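Just so you know, these numbers come straight off a predicted model, no measurement behind them. Atom set for the values below is all heavy atoms of this structure, side chains included, hydrogens, waters and symmetry mates excluded.
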Amino acid sequence: MDNVEQKLQLVQQVRSRYHEDRYDLSNRERILYGRTSVNPESMDQAYPYGEPYGQRNPAEEPLSFFKLRMWIALFLVTAVIVMDRNGSEVAGITAEKIFQLIAADYEEVIETWAESISR
């Protein structure tokens, strides 16, 4: 009987530790992803702040413009490369002029601007 009680205690300790770990993980996810509200219906679940990482509904995620900015940047780079290959221009701007503007040293202009603001 002593062996059965030890096994029961061990199982209870393992379950307790498991739930503590899951709760700690959900707290860390809450801090990392900025969740502030607690769902009262899920308080007895292992993840009181929602689903664990990787199991979230993408529609519930905050809106991010990173993908949009990335696509715009790729489009612009592609447009400049095509302009350079074809020798074409858009609104009087050639690819060579774009390359010159990118390669220009703006340090003096920035220093002058910063001095004029600080006065």
### Message
Apply the hydrophobic cluster definition, ILVMFWY joined by side-chain contacts under 4.5 Å directly or through others, and give me every member besides M83.
### Response
V80, V90, I93, I98, F99, I102
### Beyond-backbone contact of I72 with F75, side-chain heavy atoms, under 4.5 angstrom
no
### Query
Do N3 and Q6 come close enough that some side-chain heavy atom pair is under 4.5 Å?
yes
### Message
Run the side-chain contact (heavy atoms from CB on, under 4.5 Å) test on Y106 and L101 for me, step by step, so that the C-alpha distance in whole Å, both residues' side-chain angles and the decisive distance to 0.1 Å come before the verdict.
### Response
CA-CA 9 Å; Y106 293 103; L101 291 172; 3.8 Å; yes
### Message
For residues V82 and L74: do they belong to one hydrophobic cluster (side chain heavy atoms under 4.5 Å, members Ile, Leu, Val, Met, Phe, Trp, Tyr)?
### Response
no
### Query
How many angstroms lie between CZ in F65 and CE in M70, if you round to the nearest 0.5 Å?
15.5 Å
#### Entry: Between CD on residue E29 and CG on residue L25, distance to nearest 0.5 Å
4.5 Å
### Query
Does any N or O in the side chain of S118 come within less than 3.5 Å of the main-chain N or O of A114, such that one atom is a donor and the other an acceptor?
yes
### Message
Taking CD in E111 as the centre, count heavy atoms belonging to other residues, nucleotides or ligands within less than 6.0 Å. Is the count above 12?
### Response
yes
### Message
Checking L10 now: which residues fulfil side chain to side chain contact (heavy atoms under 4.5 Å, CB included) with it, not counting sequence neighbours?
### Response
Q13, V14
### Message
Tell me which one of R15, R22, E20 satisfies side chain to side chain donor-acceptor pair (under 3.5 Å) with Y18.
### Response
R22
